[in-house]
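Structure, as structure tokens:
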2 protein chains.
Amino acid sequence: MNDHQAGLKRFLSRLLLRSSLSVDEQRAVMSLPGKVIDTPAHRDIVEPGDIIHDATLVIDGIAGRFDQLADGHRQITALHLPGDMCDLHSVAVPHAGWGIESLSPTRISSIPHEAIRKVAVDYPGVGFAFWRDTVVDGSVLAKWLSALGRRSAKSRLAHLICEMGIRLELNGQGDRRAFPLPLTQSQLGDVLGVTPVHLNRSLQALRQDELVAMNAREVRIIDREGLEHVAEFDPEYLLLDRQDKYTGGL
Amino acid sequence: MNDHQAGLKRFLSRLLLRSSLSVDEQRAVMSLPGKVIDTPAHRDIVEPGDIIHDATLVIDGIAGRFDQLADGHRQITALHLPGDMCDLHSVAVPHAGWGIESLSPTRISSIPHEAIRKVAVDYPGVGFAFWRDTVVDGSVLAKWLSALGRRSAKSRLAHLICEMGIRLELNGQGDRRAFPLPLTQSQLGDVLGVTPVHLNRSLQALRQDELVAMNAREVRIIDREGLEHVAEFDPEYLLLDRQDKYTGGL
DNA sequence: CGCCGCATTGACGGTTCTCAACACAGGTGG
DNA sequence: CCACCTGTGTTGAGAACCGTCAATGCGGCG
């Protein structure tokens, strides 16, 4: 199995987490074409304002969706792990108001919108799974918005660490108590809406409380329960159960 | 035409803004069933955690989607105007992690998911329009996230006022310089992630700068250009143009 | 070795929160 | 008609959170 197919397989697993797909439907997803591209860290994969014709599937590394302000400051609005289709929503809305950047060295597969659309139309169950995947993306976005509006930086950082643990565990990259997270403090600040300096201080507060030990490469959670308490973390918003049990199989 | 149909018509206009639909497809949307319900202000229409079987179409008034914290504080994550389907995404994900509340006295129509799903499957173009509508919702969410992370309260308030002007103008409720906005300062604070006290002070700053005059019922923008400058407002994220020109008509 | 990006620390200032008080309008019951 | 109540808007003072600026240390890499 080549890298592109390995990425598709992870993407398919992600879909199957929330949607039932028949063998035919699964085969249709697995037969999507794509071109593998390697990028170093800190590169823009999609520039804000582009009109795009291909979706970006993360095979390895971490990518970020961001919004850019006039002064050049960035707010990262989503983190994308291996198996995530960064901009599945771009299939419906090709005019990118956002950008995508590689946060760590990243291997991606570029998949033509046209092929994705054809699968969605030919297999309504897959189309529904795509729609649902977009909704999951929005659910995470809403939770981040709520955290940014109502929680302290320390609590937001704890929340993000809890979330990344669950998502990476699902991907088979470590488990929820210890996992790789190759992000700089500056990038974490761009996610959480704080400056690098303040992120550093928030992190030290978590270390001081003996909740977590982490560096630029990996996270070790010392007291998961305590961390979840600081974060008020409830993984429900990640929608980890089958959603189609309520929708007549679609 | 009854109220339910009037609401559907506005919803259809919203879809047509971004997606082309054939006469048959439009008729399918207009034939969706629904039950009209009136609610006073400050009522929960959907409780967080519910499993829901009907989507909520706003016919009149303003509704808000919110996330609730352990201490009872709310963060409003979306505002829904007449013609908006509050929780179209619930068709794909019926397990609500969010809640919906009426912010002003509101008339809604409750539309069975089942009917919406059937239309989406029978008419792939409509299904695609639904998906696209969900993406627009996410685009606004991302812009709000970015504002919350990177802008001052004053700038965020200015941004929200600019956005509401455009959205209400599209609805035929006033124009972008003067429009009804029946929200309390406390509710605006819940949208912008600030306390009512600080929202009041941010608003006074805008009044001081002679940018806007507003009360609990309506907004009059005195200097739209100045306001957009404070907000760094660019309406692109509202995706007001036809998106299907890039997607082969879907 | 020297360079560069990143983590860390300190001092200071601005933004926003909390707590508290008061004004005002609309609605309700006497 | 008036007294009262409640929700909302407004203002002030002090504290907590977070940003800015600046300097230092540290590790990887040429």
Side-chain angles (χ1 to χ4, degrees), chain A residues 40-43 62 69 71-75 101-105 146-161 181-209 212-219 230, chain B residues 40-43 62 69 71-76 101-105 146-160 181-209 212-219 230:
Chain A
H42 312 294
R43 291 295 164 81
I62 300 186
L69 274 69
D71 63 5
H73 278 178
R74 290 185 170 185
Q75 171 68 45
E101 62 178 323
S102 59
L103 299 175
S104 69
S146 162
L148 223 52
R150 293 298 182 201
R151 286 191 226 274
S152 70
K154 179 181 172 185
S155 174
R156 298 205 294 274
L157 177 56
H159 198 276
L160 181 66
I161 293 170
L181 193 70
L183 298 178
T184 67
Q185 293 186 6
S186 184
Q187 290 169 335
L188 289 170
D190 283 346
V191 173
L192 298 178
V194 295
T195 57
V197 172
H198 194 67
L199 186 106
N200 181 276
R201 290 182 168 130
S202 305
L203 177 54
Q204 287 184 46
L206 293 181
R207 292 204 264 241
Q208 193 80 36
D209 296 348
V212 67
M214 61 184 283
N215 57 32
R217 271 161 285 111
E218 58 193 3
V219 172
V230 169
Chain B
H42 312 295
R43 291 296 163 82
I62 301 186
L69 275 70
D71 62 6
H73 279 178
R74 290 185 170 186
Q75 171 69 44
I76 294 177
E101 61 177 324
S102 58
L103 299 175
S104 68
S146 162
L148 222 53
R150 293 298 183 202
R151 288 191 225 274
S152 70
K154 178 181 172 183
S155 174
R156 296 205 295 276
L157 176 56
H159 198 276
L160 181 66
L181 194 70
L183 298 178
T184 67
Q185 293 185 6
S186 184
Q187 290 169 336
L188 289 170
D190 283 346
V191 174
L192 298 178
V194 297
T195 57
V197 171
H198 194 64
L199 186 106
N200 180 277
R201 290 182 168 130
S202 305
L203 177 53
Q204 288 184 47
L206 293 181
R207 292 204 265 240
Q208 192 79 36
D209 295 350
V212 67
M214 61 184 282
N215 57 31
R217 270 162 284 112
E218 59 192 5
V219 172
V230 169

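First the proteins, then the strands, lettered A, B, ... as listed; each starts at 1.
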Quick one: is [X] getting a side-chain N or O under 4.0 Å of the [N] phosphate, OP1 or OP2?
| X | N | value |
| --- | --- | --- |
| A/His198 | D/dC21 | no |
| A/His73 | D/dT20 | no |
| B/Gln204 | D/dT11 | yes |
| A/Arg207 | C/dT8 | yes |
| A/Thr184 | C/dC6 | no |
| B/Gln187 | D/dT8 | no |

- Run the salt bridge (Lys or Arg N to Asp or Glu O under 4.0 Å) check on B/Lys154 and B/Asp209 step by step: do they pass? CA-CA 11 Å; B/Lys154 178 181 172 183; B/Asp209 295 350; 2.7 Å; yes
To the nearest Å, how far apart are [X] [atom1] and [N] [atom2]?
| X | N | atom1 | atom2 | answer |
| --- | --- | --- | --- | --- |
| B/Leu148 | D/dC17 | CG | C1' | 15 Å |
| A/Leu203 | C/dC6 | CG | P | 16 Å |
| B/Gln208 | D/dT10 | CD | P | 13 Å |
| B/Gln185 | D/dG7 | CD | C1' | 12 Å |
| A/Arg151 | D/dC18 | CZ | C1' | 18 Å |
| B/Leu199 | D/dG9 | CG | P | 9 Å |
| A/Leu181 | C/dA7 | CG | C1' | 16 Å |
| B/Asn200 | C/dA20 | CG | P | 19 Å |

- Task: Report which part of the nucleic acid A/Gly189 touches: base, sugar-phosphate, or nothing (heavy-atom distance under 4.0 Å, all strands).
- Result: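 Result for A/Gly189 = nothing.
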Taking [X] for the side chain and [Y] for the main chain, is one N or O donor matched with an acceptor at less than 3.5 Å?
| X | Y | result |
| --- | --- | --- |
| A/Asp190 | A/Gly193 | no |
| B/Ser102 | B/Pro105 | no |
| B/Gln185 | B/Leu199 | no |

- Quiz item: A/Arg201 side-chain donor-acceptor pair to C/dG10 base, under 3.5 Å: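 It does, because a donor-acceptor pair links the side chain of A/Arg201 to the base of C/dG10 below 3.5 Å.
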- Task: Could you check B/Arg151 against B/His159 for side-chain contact (heavy atoms from CB on, under 4.5 Å), going step by step and ending with a plain yes or no?
- Result: CA-CA 10 Å; B/Arg151 288 191 225 274; B/His159 198 276; 4.2 Å; yes
- Hey, which sits more toward the 5' end of DNA chain C by its nearest nucleotide, A/Pro196 or A/Arg150?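 The residue whose closest nucleotide sits nearer the 5' end is A/Pro196.
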